[in-house]
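A short worksheet on the structure shown next.
Computed from heavy atoms alone, side chains included, the values below leave out hydrogens, waters and symmetry copies. Residue numbers count from 1 along this sequence. Counting starts at 1 for both ligands and their atoms, in listed order. Note that this is a predicted model, so its numbers are computed, not measured.
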Amino acid sequence: MSSTSPSAPGVRQADFQFRCIACGELSGSARQDFRCQGCGDLLEITYPGWKQAKPDPDELKSTWRNRKLSRSPIDLSGVWRFRDLLPALEDDQQAITLREGNTPLYELPQCARIVGVPRLFAKHQGMNPTGSFKDTGMTVAATFARRAGFRWAACASTGNTSASMAAYAARGGMRSLVLVPEGKISWSKLSQALDYGAVTCQLRTDFDGCLRLLQQLVLRAPVYQLNSINPFRLEGQKTLALELLEQLGWEPPDHIIVPGGNLGNSSAIGKALLEMRELGLIPRLPKLSVIQAEGANALVRTLREGAGKRLISVSADTRATAIRIGNPASWKKAAHVLEVTSGACEQVTEVELAQAKAEIGAEGIGCEPASAVTLAGLKKLVKQGFVKAAETVVLVLTGNLLKDPDFTIDFHRGDLFKGTRDEGAAPSLEALRHPPIVLDATLDAVIRTLEQAGES
Ligand code: F0G
C-alpha cells in the first residue's frame with residue numbers, strides 16, 4: 001500500500017472564485033456573511049480553470065480509484081479523495097479530517113416492495129463520523145476557516161450542524177460557538193456539541209431566529225460562519241454525489257431524493273450533478289427531488305404559490321426537528337437545481353414520515369426522522385406517476401437513528417401523537433410498533449413473551 005497521495009496527471013486542484021448566484025459578480029474573496037457585496041444574494045464557488053483546461057473524466061475516475069489504496073489522511077477522507085473538484089489547498093496536511101464520507105450505499109428490499117420500485121437504494125450519510133451528512137461539508141469549510149486564520153467558528157443549527165462544527169473545530173484547534181433554538185433540538189445532538197467543547201447558547205427563538213442573529217454577529221465579531229450559507233460547506237457536500245455515482249459505476253440513477261430544510265444539501269448535490277455532466281463524468285442528469293415536512297414546507301409553497309421566484313416563509317413546526325426551518329437560506333439555489341434536473345418537490349405529514357422511519361428501521365438500517373421524509377415522499381411520487389417502477393431511486397438518509405432517540409421511543413411506545421391532531425391516525429401505525437416490554441425476571445415470563453411474539 002502506498003502512503004503517498006496520488007494526483008491525476010495534468011489535473012491541478014481547482015483554483016476557485018466566488019460568484020453571486022443572482023447578479024453573477026465574480027470575486028476572489030468573500031465577506032464574512034458570504035453574501036454578494038453588490039446585491040446581497042448568496043455566493044457559490046466556481047472553477048474558472050475548467051473553461052481553459054477541462055479535467056479528463058477518465059483520469060479523474062482512475063485517480064479517485066487509486067487514492068483508495070493510499071494511507072495518507074487526505075486520501076482516507078471520502079471527501080478530499082475527490083479534491084480535484086474542490087477548492088485547492090497548498091498542502092495536503094492542511095485538511096482537517098475525521099475520515100468523513102466513505103458512506104455505504106444500501107439496497108432497501110423491503111421498502112422497495114412497499115413502494116413498488118425494485119431498484120431502491122439508500123445513501124446513508126448518517127454513517128459519517130458525527131452521524132450526519134454535515135461532516136462532508138464541514139471538513140472543507142473548517143479547513144478554510146483555519147487557513148484564513150480564524151480562531152473561532154460559529155453556526156446556527158437544528159443540531160447536526162452544531163455537532164459537526166464543534167467536532168471539526170476541535171480537531172482543527174479552533175474554538176466554536178453554537179446557537180440553537182432552546183428546547184427544539186434533540187439532546188443527542190446537543191450532547192455532541194457539549195462534548196466537543198463548543199460554547200453552546202440555547203436561544204429563546206427558532207432556528208430562523210438563530211440564523212438571523214448569526215448573520216449579524218459575523219459582521220461584528222471575528223468568528224467564521226459555518227452554516228450552509230458558507231459555500232465551502234456545499235463544495236464538501238458535493239462529494240456525496242461523486243461518491244454515489246462512483247458506487248453505481250458512474251451509471252446515473254433516475255432519481256435522487258433528499259430531505260429539504262435550509263436547502264444547502266439539495267443545492268450541493270445539484271451542483272455536483274451539473275458539474276459532473278459538464279466534465280463528462282456522467283452522460284445524463286438524475287432527477288433531484290426535495291421532500292419537506294408539511295409543517296416546514298417553505299420550498300413546496302415557494303414553488304407552488306410563488307412560481308419559484310419569491311420565497312414564501314412559513315412558521316415551521318415538525319417533530320423532525322432537523323428540518324424545522326421556515327425561512328430556508330438556500331431556497332434559490334435549490335429551486336434552480338430542481339428546475340435544471342426536472343426534479344419534484346413534495347411534502348409529507350408527520351404520520352407519513354413516522355411510518356416511513358419505522359419501515360426503514362425494519363430494514364436494520366435506521367435513520368433520523370428528517371431522513372425518513374425521503375421514503376414517505378417517494379410513495380407520493382410513485383402514486384403521481386413521477387417515479388416509475390422500472391426506475392432506479394436513491395434516497396439520501398441524512399442522519400443516524402441515534403441522533404433522535406426520543407422520537408423513536410415515543411413512536412414505539414405509542415406516545416408520538418398523543419394529544420396532537422394526529423392522534424386519530426396513529427392506530428394505522430400499530431403494526432410497526434415494537435414497544436419495550438417490562439416483565440418479572442422469570443424464565444416463564446420470557447418464554448411466554450417469545451411465544452406471543454412468534455404468533456404475531
Ligand atoms: N436532514 C438532517 C438530518 C439535517 O440535520 C438537516 C439540516 C437536513 C436534513 C436538511 O438539510 O438544511 O441542507 O436542507 N440540518 C441543519 C442543522 C439545518 O442545523 O443541523 P438542508
#### Entry: Residue list, side chain to side chain contact (heavy atoms under 4.5 Å, CB included) with E275, at least two apart or on another chain
Y47, W50, K238, K271
Would you say ligand 1 has an N or O under 3.5 Å from any N or O of [X]?
X	answer
G260	no
L263	yes
K189	no
Q237	no

#### Entry: Where at least one partner belongs to residues 113-150, residue pairs that pass ring-ring contact (aromatic ring centres under 6.0 Å, His included), sequence neighbours excluded
F144-F232, F150-Y224
What's the shortest distance from [atom] to any protein heavy atom, and which residue and atom give it?
atom	result
atom 4 (C) of ligand 1	A322 CB, 3.5 Å
atom 2 (C) of ligand 1	T398 OG1, 3.4 Å
atom 11 (O) of ligand 1	F133 CZ, 3.4 Å
atom 13 (O) of ligand 1	N265 N, 2.8 Å

### Message
Is I325 close enough to touch ligand 1? Criterion: a residue heavy atom under 4.0 Å from a ligand atom.
### Response
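Checking ligand 1 against I325, which is what was asked, there is a heavy-atom contact under 4.0 Å.
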### Task
With rounding to the nearest 0.5 Å, note down the distance linking CE in M165 to CG in N230.
11.5 Å
### Task
Measure from atom 15 (N) of ligand 1 to every heavy atom in E368, K403, K134, Q125 and give the option owning the shortest one.
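Residue with the shortest heavy-atom distance to the ligand atom: K134.
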